[in-house]
Amino acid sequence: MASKSSKLAGTVKAPGDKSISHRSLIFGGLAQGVTQIEGLLEGDDILATARAISAMGARVEKLGEGRWKVTGSGRLQSPIDIIDCGNAGTGVRLLMGAAAGFPLTADFTGDASLRKRPMKRVTGPLADMGATFIWKDQEDRLPLTVKGGNLSAIDYTQSVASAQVKSAILLAGLNAIGTTRITEPEKSRDHTERMLTAFGAKVDVQDMGEGWIISLEGGQSLTGTSVSVPGDPSSAAFPLAAALIVPGSEVTVENVMLNPLRTGLFDTWIDMGADLTISNRRMSGGEEVGDITARYSQLKGIVVPEMRAAAMIDEYPILAATAAFAEGRTVMRGIGEMRVKESDRIALMVAGLRACGVEVEEETEGFIVTGADSVRGGAVVESAHDHRIAMSHLVLGLAAEHPVSVLDPEMIATSFPGFVQLMNGLGGSVAAGKAA
Ligand code: S3P
């Protein structure tokens, strides 16, 4: 439960980036030799990926807080037991791509939320490359069995900008015959391309302006390396959002990754009039990072450019929470993908915000929030096993008139373990518990 707080103030460090944490374990498991990881996000999603890659033959050791060592043999093998990826769409989709490249059989499943998410977007192109997928229960949904090996490269054009689909195909392409080519009409996050290069693979990227073409020659092997995981902009968004909407606040989040394919939310907040400053820009682990300071701001509603959607797709829930305090309408469109994330995030944000007294219009591929000077709150919100829906409503509760509770708050640990303590350390009033 989150209650109206007086100002938030202080400096905190963002938890490790979820996308890069998954990849560091998976690529380390695929590589030959040792991969040393610093700053790994130790969230439930990532721990599930660590167990999965170890079940497929890599040696995975925790050396200290955020410090992990993965020793790979350059190949994956059939796991004995079914692999449970928990809540992690990125985990299961990338692991299926990696597994497809080897002559192995692996069963994958996940929690109730993950078993509702579409998988054909990944299994379709992987099957075109030569892998076999057997649906256990229902087509397009986990659980399923992957039979890999003997792949041929494909030329694939993405219909939606999805880094998960792109990454699964590229990982399979490492062990395919021929050159795998992916055309993205809109750019999705490029962590796989950058990290494969750091692991010694040759990835060719042809920039086409709005989109790009990524090519990778088959038969390449990866070599273990060191990975320093930068802070996650998607997690940094929550304390920064709280500072923007709780009067008198000033919060700095240090070490936030500033990859332009991830920072659409910060650009959007600045367009809405947010007092957001980025300092200490530097390079760390192949990515630009910086420290972001947010001060309480009277935000103004805007039409969020649809072109920005891929660079902030996970951030619309927290954007909507801040839009509830903005002057006028915040129009968020071209975001149908939000409906197939850890939950139907459009439906849940619409329901949760309405329960808190906020005016919201729902559209098929978007929603519009009309802000107000004060938000009533005073609701128990369904989060449907979705960490970002839970955190977004708790942040809203810090500035609402009456407390806001969320169901399934334990899901927050998938991406942001320590969220409650961090927010309270800044002066927020969040009570942990079954219905936080
Ligand atoms: C991710 C890609 C995005 C994002 C997810 C993480 C990744 O999904 O929503 O949280 O690490 O590649 P899509 O690729 O399906 O858009």
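Along the sequence shown, residues carry numbers from 1. Atoms within each ligand, like the ligands themselves, are counted from 1 in listed order.
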Heavy-atom distance under 4.5 Å between the side chains of Thr123 and Trp135, does that happen here? yes
Can an N or O of Glu337 be found at a distance shorter than 3.5 Å from an N or O of ligand 1? no
I'd like to check whether Ser167 has a polar contact with ligand 1, where a contact means an N/O of the residue lying under 3.5 Å from an N/O of the ligand. no
Could you tell me whether the side chain of Arg345 reaches within less than 4.5 Å of the side chain of Ile313, counting heavy atoms only? no
Sub-4.0 Å heavy-atom contact, His22 with ligand 1: no
Met272 versus Thr330: any side-chain heavy-atom pair under 4.5 Å? yes
Who's the nearest protein heavy-atom neighbour of atom 12 (O) of ligand 1, and how far? Arg23 NH2, 2.7 Å
Consider ligand 1: state whether an atom of it lies below 4.0 angstrom from any non-hydrogen atom of Lys341. yes
Give a yes or no answer on whether the side chain of Thr414 reaches the backbone of Asp44 with a donor-acceptor pair at less than 3.5 Å. no
How does Arg189 reach ligand 1, by side chain, by backbone, by both or by neither, if only non-hydrogen atoms under 4.0 Å count? side chain
Which of the numbered atoms in ligand 1 are under 4.0 angstrom from any heavy atom belonging to Thr90? 1 (C), 5 (C), 6 (C), 7 (C), 11 (O)
How far is atom 15 (O) of ligand 1 from its nearest protein heavy atom, and which residue and atom is that? Ser162 OG, 3.2 Å
Side chains of Ser167 and Arg23 only: does a donor on one sit below 3.5 Å from an acceptor on the other? yes
Where the side chain of Lys147 meets the backbone of Ile134, is there a donor-acceptor pair that is under 3.5 Å apart? no
Provide the number and element of each atom of ligand 1 under 4.0 Å from a heavy atom of Ile313. 9 (O)
So, does Arg339 use its side chain to make a donor-acceptor pair with the main chain of Thr364 at under 3.5 Å? yes
Quick check: does Asp314 get an N/O under 3.5 Å from an N/O on ligand 1? yes
Ser113 side chain to Glu342 backbone, donor-acceptor under 3.5 Å: yes
Distance-only N or O hit between ligand 1 and Arg93, under 3.5 Å: no
